[in-house]
Amino acid sequence: MYYLQDLNPVQRQAVESGEGPLLILAGAGSGKTRVLTYRIAHLIARGVDPWHILAITFTNKAAQEMMDRIISLVGSEARNLWVSTFHSACVRILRREISRLPNYSRSFVIYDAADQLALVKECLKVLNYDEKKIAPKAVLAVISEAKNKLLDVDSFEARAQDYFQEKVAKVYRLYQRKLASNNALDFDDLIMLTVKIFWENPDVLEFYQERFRYIFVDEYQDTNHAQYVLVNTLAQRYRNLCVVGDDDQSVYGWRGADVQNILDFERDYPEAKVLKLEQNYRSTQKILRAANEVVKHNFNRKEKSLWTENNEGENLVLYKGWNEHDEARFVVRKIRELSDLEGRPYADFAVLYRTNAQSRVLEEHLMKEGIPYRIFSGIKFYERMEIKDILAYLRLVHNPADRVSFARIVNVPKRGIGKSSVDKILEYAEEQGMPVLDALGEAAYIPGLGSRAVNTVTSFYQMISRFREEAAKGIPVTVLTELILKETGYLDVLRAENTVEAEARIENLNEFLSVTAEYDNNMEEYLEDAELQAEQNMLILGGFLEQVSLVAEIDNYDEGEDAVKLMTMHSAKGLEFPVVFSVGWEAGNFPSGRSILEQYLLEEERRLCYVTITRAKERLFLSYAEQRMLYGRIQDSLPSRFLQEIPPEVIDIESGEKEILGRVFGRQRAEDRSWQPESGITDSGSGKQNSGTVWGGGSSFSRDKGWQEKSSPVVKSNPDTFRVGDKVEHPKFGRGIVMAVKGEGLAAEITVVFNGEVKKLIAEYARLVKL
DNA sequence: GTGACCACACTTTTT
DNA sequence: GTGTGGTCAC
């Protein structure tokens, strides 16, 4: 085959190896996507009907790309392939099969995190549980975890261990009932209920097993138990399961992903062939060296060594910023420099951070410098208020049982239907067991509703009904959306506001209309696919809502755009960039403070570190800030331990000293001053400069000892001063790490973790010694 | 039923 | 420091 020439021997083997289970352990940048696409193309070329192939990717964007590549390899007959994410694939199956479950219908909607939270709160209220004692978010987390493990309400309840879990079980039961009565599914239901249908309906399972004779799963290390069961159930009949992954890149443990799935593949399929892709085509030797060395510190991993024939490359650069603004200025300055000197387009650069909150400062400085950028995380487009509002309208039109959407927009814009009326309506609908929208039609019968309220409610009902009629005619989503925006007065209200914010909201709504327009244009394709002619017209709207609820921010990633990309380390997985900046390498931020206590959490952070480093092709700049504004407070921190794990000979240290001195005597002085601690937690509080590292010789990196503090010419820290991250020793508790410092001087309350035990100590009395 | 004001939680990562 | 959600007065 002509295309096999671009492959190395192992890759080629992976592409050509025949039927049966196959595990491909693919290191970062080893060309796994290429192998996957070629293997699928190869299969088709050998005469396998694309109809029989299912490929699961991690994002919708990856799915789209893979589809395009395969089509370019084997032609348009590949259209019959299913390439999608787990969630999209399940929605597609559920649209056909959900009537197998009682209480759901095809017009179901998908609830996002905010909708789920609203529903859980509703449940807590009904059960009379105090939100203060039982945090809705915690409940949701437990429910989600249960669903990821395929524990339905009954099995969860049976296993409930303690008081909290028993309460959660009650909420879970009600929550699930409410979801059904709203004809809604949450993200985890998509997987769990699909599996349930397979298990309870052998004919359905057999149909899909016959259909999907060849199954591919990318990023297998990030599958959770439910996804694992789904895939393995489907693959049972033909056993043509090909999974690709890298245990070193498993970074979604916190949402239920289980690395064990990939580690156990050979146990699950003893006849499996196993191939390792270890040649990296992406990064320079030095970048790869750094990545390898860091990840070696993990104990729980499969031993492997990634190598490359690429150039040695330049050293990594570590920048010591003295606060987050200094750090951001460094990034901006470097981007300017590399773009001016080397003529790099802005699209070459990516800035990666651990937490979304860090994007703000970067954004501020990029904007100031007029550098085009794009953020792929943070407040998502579909989470904006106005977008959620218009979506709620569309969802209610599509699914008249959707109480959460109803409650959201029944009084938006204000039309005099207040909280008490809404409660009465919801209660009535529940009692009658009817969709909320139908209840509105009977407003006159709802007990306790005044005659004024009956009128307003009725006219609201008539308005939504009109929208429903239009939707049933199959008008484009764009036209429907425009109609809603106009008829509800939503747009008028915004216009009348005449503020910058309202302006931005209108702008966003226009953006939304371009999303709907794009969808409408692609509609033909969808209709062909929709095998349910009877409900076709409603499917137009349904298809749109479905698409919208399953997009991730990263799916909007546009390579062609000449802009610096900002995103979390997690979002960057699967991507690569010529030049990578990664900021905020401080203890407590990265690795995150919550991970320090548990070895397995720390190892996941370290894998995230590995992922981050291996995103870079040519240059990698790391940075940290000695002080960072967190929570409206200034916090001191130490460099991340991961920095010490990078071999010193491949990294150069640059510090902000010169820059800072220049600024101190220049115009920036006042500005920078404002970040100095005024009070609070940062130091011993006497107004002196903090520990002096920035000003004096600072800390330094030594080959055999790692990070070392040079004695500072300014102020040596007072022995009573502890900082977050300090290692300490206590006569009774032994060694520990400082987690938090509250207050100052002798009265400071210091939180220390000793051997997994958290203690709060007062500086004056605890005989703590800094190590 | 509406709007203003205050308290407080929030920061890990997302399909 | 910011955004949300709850309470209170009109």
Side-chain angles (χ1 to χ4, degrees), chain A residues 56-63 84-91 110-114 116-118 121 125 131-132 135-138 140-141 144 147-148 185-192 219 222-224 226-227 250-257 352-361 376-380 382-385 410-423 450 452-453 456 546 548-555 567-573 584 588-596 601-602 604-605 607-609 611-612 628-635 675:
Chain A
I56 302 288
T57 58
F58 199 64
T59 63
N60 291 297
K61 180 170 180 285
S84 68
T85 62
F86 270 109
H87 292 86
S88 302
C90 287
V91 169
I110 300 160
Y111 275 4
D112 68 13
Q116 293 179 49
L117 207 58
K121 285 182 180 170
K125 207 181 272 172
E131 278 191 27
K132 295 248 162 57
K137 274 200 170 160
L140 211 46
S144 169
K147 289 182 175 183
N148 287 160
L185 276 66
D186 66 18
F187 280 119
D188 305 313
D189 278 341
L190 297 176
I191 317 286
M192 183 174 78
E219 308 280 11
D222 284 323
T223 50
N224 62 38
Q227 294 166 335
S250 157
V251 293
Y252 283 97
W254 50 274
R255 70 172 202 215
L352 311 181
Y353 35 79
R354 182 64 180 78
T355 67
N356 282 307
Q358 291 173 253
S359 68
R360 247 192 57 205
V361 180
F376 291 93
S377 47
I379 299 179
K380 288 172 196 140
Y382 291 104
E383 283 169 15
R384 288 170 204 271
M385 182 173 69
V410 61
N411 203 28
V412 178
K414 302 250 174 319
R415 46 177 75 92
I417 306 176
K419 204 174 164 317
S420 63
S421 302
V422 173
D423 283 346
R452 260 239 314 264
T456 40
E546 169 184 320
V548 160
S549 40
L550 295 177
V551 290
E553 197 69 0
I554 205 70
D555 291 331
M567 65 185 80
T568 62
M569 295 169 172
H570 280 89
S571 302
K573 202 174 70 141
N589 184 57
F590 183 51
S592 98
R594 297 180 189 203
S595 68
I596 300 177
L601 291 175
L602 186 65
E604 177 153 314
E605 294 283 307
R607 291 192 291 267
L608 187 57
C609 180
V611 167
T612 303
R628 183 177 294 276
M629 177 88 84
L630 207 73
Y631 241 131
R633 311 211 120 193
I634 292 168
Q635 184 142 30
W675 291 302

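The chains referred to below are lettered A, B, ... by the order of the sequence lines, with proteins before strands, and numbering in each begins at 1. Heavy atoms only: backbone and side chains are in, while hydrogens, waters and symmetry mates are out.
The P atoms of C/dT4 and B/dT13 are separated by 16 Å, rounded to the nearest whole Å.
For the pair A/Gln635 CD and B/dT11 P, the computed distance is 16 Å after rounding to whole Å. One atom, CD of A/Gln116, and another, P of B/dT14, lie 16 Å apart when rounded to the nearest Å. Here B/dG1 presents its P atom at 9 Å from CZ of A/Arg452, a figure rounded to the nearest Å. The distance from atom OH of A/Tyr111 to atom C1' of B/dT14 is 20 Å, rounded to the nearest whole Å. Atom pair A/Ile191:CD1 and B/dT14:C1' shows a separation of 13 Å (rounding to whole Å applied). Per the geometry, CG belonging to A/Asn356 stands 5 Å off P belonging to B/dT13, to the nearest Å. As rounded to whole Å, 4 Å separates atom C1' of B/dT15 from atom NE2 of A/His87. Following rounding to the nearest Å, A/Lys147 (NZ) and B/dT15 (P) show an atom-to-atom distance of 18 Å.
No salt bridge links A/Arg255 with A/Asp222; every basic N to acidic carboxylate O contact stays at or beyond 4.0 Å.
If you check every strand for non-hydrogen atoms under 4.0 Å, A/Thr59 touches nothing. Nucleic acid contact class of A/Glu605 (heavy atoms, under 4.0 Å, all strands): base. Using a 4.0 Å heavy-atom distance criterion, A/Ser571 is classed as a sugar-phosphate-only contact. Using a 4.0 Å heavy-atom criterion, one finds that A/Asn60 contacts no nucleic acid atom at all. At a threshold of 4.0 angstrom between heavy atoms, the contacts of A/Lys137 are confined to the sugar-phosphate backbone, with no base atom among them.
A donor-acceptor pair under 3.5 Å is formed between the side chain of A/Glu605 and the backbone N or O of A/Ser592. A donor-acceptor contact shorter than 3.5 Å is absent between the side chain of A/Gln227 and the backbone of A/Phe86.
Comparing A/Leu601 and A/Ile417 along DNA chain B, the residue whose closest nucleotide (by nearest heavy atom) sits nearer the 5' end is A/Ile417. Along DNA chain B, the nucleotide closest to A/Thr85 and the one closest to A/Ser421 are compared, and the more 5′ of them pairs with A/Ser421.
With contacts defined as side-chain heavy-atom distances shorter than 4.5 Å, the pair A/Leu608/A/Phe590 qualifies. Residues A/Thr85 and A/Leu550 have side chains not in contact (no heavy-atom distance under 4.5 Å, counting atoms from C-beta outward). Side chains of A/Tyr111 and A/Leu185 form no contact here, defined as non-hydrogen atoms less than 4.5 Å apart.
When each of B/dT11, B/dG1, B/dT13 is scored by its nearest atom to the side-chain atoms of A/Ala357, the top-ranked nucleotide is B/dT11. When each of C/dG5, B/dT14, C/dT2 is scored by its nearest atom to the side-chain atoms of A/Arg255, the top-ranked nucleotide is B/dT14.
Residue A/Ser88 has no polar side-chain atom (N or O) positioned under 4.0 Å from OP1 or OP2 of B/dT15. Considering only side-chain N and O atoms, A/Asn411 lies under 4.0 angstrom from the phosphate OP1 or OP2 of B/dT2. Residue A/Thr568 places at least one side-chain N or O closer than 4.0 Å to OP1 or OP2 of B/dT14.
Residue side chain A/Trp254 meets the stacking definition with respect to B/dT13: its ring centre sits within less than 5.5 angstrom of the base's six-membered ring centre, and the planes differ by less than 30 degrees.
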Short heteroatom pairs, N/O only, protein and nucleotides 3-7 of chain B, under 3.5 Å:
none

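When each of A/Val422, A/Asp423, A/Ile417 is tested with A/Lys419 by the rule side chain to side chain contact (heavy atoms under 4.5 Å, CB included), just one qualifies, namely A/Asp423.
Relative orientation of the A/Trp254 and A/His570 rings is perpendicular, given thresholds of 30° and 60° on the angle between their planes.
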